[in-house]
Amino acid sequence: MKKTKDTLITLGSRILSAVKRELYLSMPYLARAMGTLSEAMDQNTFTVGTDGVSIRYNTRFLSEIYLNFPTRLNRIYMHMLLHNLLMHPFYRAFSFDNEDDEELWQLACEISVESIIDSMDMDCMRMVTSDFREKWYKTLSNEIRSLTDTGIYRYFKEHPPYGDDWLKLKDEFCMDDHSFWMRRDNDDDSNEIENDFQLAPFCNLPLKEIWEKAANAINSEVELSGAKAMSDSGRLTWNLKLRHTAHRDYHKLLEKYMIPREVCRIDPEYFDIAYYQYGMKMYGDMPLIEELEGREEKRIFTLIIAIDTSASTRRKHVIRFLNETVAILRQSEYFFESVNLHIIECDEHVQRDIELTKPGQIEEYARDFTVSGGYGTDFRPVFSYVDDLRKKGGLPGLSALLYFTDGYGIYPTKATDYDTAFIFIEDEDYDDTNVPSWAVKVYL
């Protein structure tokens, strides 16, 4: 019995070694990522899967696929590698209300990973793309442009696939056993994800950090390898960069731009209700301590929001940005009663400057928003326009300029003497590579 088990383990290991060797010859930048995973035969699965630490396989499945469809097995290995690089086995972007949502998320992960592989120009993983697959790529791309796991999940939440479509999608895109993800979740009850399953096979770093470093190494090595490697790797580096970019919280960004100013409001730190009531009781209308009506607080006073309305920016993304901004800025603690908010619509020119002076006007603007312009993008005219306004005294107490865009345009070279942030939709196609070093990048 033991001899049979050892034989199966040896066979499985040899097959996986052959797969890794072929992938390495085509994509040497995968070496670190592949070296992160150990291998283990597991009779609890009929196929193959990963838990973030190892590839867990059924030897019969490996041998049948390797003998009959070796290219498919290469894809399956790459598929599992991408799950780990994108943190799928031990990272949750959402809390799920029910089992259906969990299945939608897993399907979204499958489609996202397969779309990355299909974008890569690699003979060792190439297969004929079915009409059904092409149809769904086109459908999803029309709605969300970039096929990220979170973007596909949001689409499926709004347009859940039913019946035959659901079954066909699973049959087309599901390549590996995700039950190992669930086992990892069950072991996380008493530990944070970052701290459990502490060590990868070869180093003393927490597992999430290991995969983050592996992803960053791939991006660096592909860039160093030149234009052909960048082209052949398809959307691999873009997706890895997107997942492992540190995202700044939009709420906290606005808090950073608040300025101190006295407001008419009782300051509880300097008001003792006991003394106040004692004086009123003993001396009639003579409180011992009157409440202070002035209090210094930090509020946003002057803010500029520039909205890129060029042809490459979608209206629904602008609305999404506006809704989030409105939800934050309409909170009373962020504003004075009178504000100076400029919303500048622009493409390669400044199209409109809408000046709002009351917090309530922000919601009205968002509700009636229409796109102006629609040509190419040049960010410089907005900054020139702002400079002209400031020279005329039109922007007292300017806190910051927030520029919502997809990043495809010409950036200014001169640093501003006020804070500037370029804001991108994280699930969508954007280019943040040329954002000046003096500006902040924010991802919604």
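Values below: all heavy atoms of this structure, side chains included; hydrogens, waters and symmetry mates excluded.
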Give a yes or no answer on whether the side chain of Arg235 reaches the backbone of Ser119 with a donor-acceptor pair at less than 3.5 Å.
no
For Ile305 and His342, run side chain to side chain contact (heavy atoms under 4.5 Å, CB included): C-alpha distance rounded to whole Å, both residues' side-chain angles, the deciding distance at 0.1 Å, then the answer.
CA-CA 6 Å; Ile305 296 177; His342 285 255; over 6 Å; no
Quick check: do Asp432 and Phe422 have side-chain heavy atoms less than 4.5 Å from each other?
no
Are Arg126 and Asp118 close enough for a salt bridge, meaning some N to O gap below 4.0 Å?
no
Examine distances only and state if a side-chain atom of Thr309 and a backbone atom of Cys346 form a donor-acceptor pair shorter than 3.5 Å.
yes
Donor-acceptor check, side chain of Ser231 to backbone of Ala227, threshold 3.5 angstrom: yes or no?
no
Does the Ser26 side chain pair with the main chain of Cys124, one donor and one acceptor, at a distance under 3.5 Å?
no
Would you call Ile116 and Leu86 a side-chain contact if the rule is heavy atoms closer than 4.5 Å?
yes
Carefully, step by step, assess Glu221 and Arg32 under the rule salt bridge (Lys or Arg N to Asp or Glu O under 4.0 Å).
CA-CA 11 Å; Glu221 291 180 31; Arg32 179 168 181 168; over 6 Å; no
Pairing of Arg75 and Glu114 as salt bridge, 4.0 angstrom limit
yes
Below 4.5 Å, heavy atoms only, C-beta onward: do Phe180 and Thr50 meet side chain to side chain?
no
May I ask you to decide if Leu236's main-chain N or O and Ser233's side chain share a donor-acceptor pair within less than 3.5 Å?
no
Atom OG1 of Thr302 and atom CG of Leu401: how far apart are they, to the nearest 0.5 Å?
12.0 Å
Are the side chains of Phe173 and Val113 in touch, meaning some heavy atoms are under 4.5 Å apart?
no
Can you confirm whether Asp131 is buried at CG, in the sense that more than 12 heavy atoms of other residues, nucleotides or ligands lie under 6.0 Å from that atom?
no
Quick check: are there more than 12 heavy atoms from other residues, nucleotides or ligands sitting under 6.0 Å from OH of Tyr24?
no
Thr377 side chain reached by Glu348 side chain, heavy atoms, under 4.5 Å:
no
Arg380 side chain to Pro412 backbone, donor-acceptor under 3.5 Å
no
To the nearest 0.5 Å, tell me how far Met34 CE sits from Leu81 CG.
7.0 Å
With a 4.5 Å cut-off on side-chain heavy atoms, are Glu223 and Thr237 touching?
no
If we ignore hydrogens and angles and just use 3.5 Å, is the side chain of Lys168 paired with the main-chain N or O of Phe132 as donor and acceptor?
no
Can you name the one residue among Tyr403, Tyr443, Phe321, Phe404 that meets side-chain contact (heavy atoms from CB on, under 4.5 Å) with Phe424?
Tyr443
Nearest 0.5 Å, what's the CD1-CD distance between Ile344 and Gln351?
12.0 Å
Donor-acceptor pair, side chain of Asp51 and main chain of Ser54, under 3.5 angstrom
yes
SG on Cys109 to CH2 on Trp181, rounded to 0.5 Å:
4.5 Å
Asp417 and Arg390 ion-paired at < 4.0 Å
yes
For a salt bridge (Lys or Arg N to Asp or Glu O under 4.0 Å) check, start with the C-alpha distance between Lys391 and Asp387, then their side-chain angles and the critical distance, and finish with the verdict.
CA-CA 6 Å; Lys391 289 175 183 177; Asp387 288 343; over 6 Å; no
Does any N or O in the side chain of Thr420 come within less than 3.5 Å of the main-chain N or O of Thr416, such that one atom is a donor and the other an acceptor?
no
Derivation and outcome, ring-ring contact (aromatic ring centres under 6.0 Å, His included), residues His178 and His83
CA-CA 10 Å; His178 291 182; His83 277 320; 5.1 Å; yes
I'd like to know whether NZ of Lys135 has more than 12 heavy-atom contacts from other residues, nucleotides or ligands below 6.0 angstrom.
yes
Side chain proximity check, Leu169 to Leu107, heavy atoms < 4.5 angstrom:
yes
With rounding to the nearest 0.5 angstrom, report the CD1 to CG distance, Ile55 to Asp176.
8.5 Å
Say you draw a straight line from CH2 of Trp166 to CG of Asp100; how long is it, rounded to the nearest 0.5 Å?
7.5 Å
Can any side-chain N or O of Asn142 pair as donor or acceptor with the backbone N or O of Lys138 at less than 3.5 Å?
yes
Test side chain to side chain contact (heavy atoms under 4.5 Å, CB included) on Tyr418 and Ile304; report intermediate values, then the result.
CA-CA 11 Å; Tyr418 50 86; Ile304 295 173; 6.0 Å; no
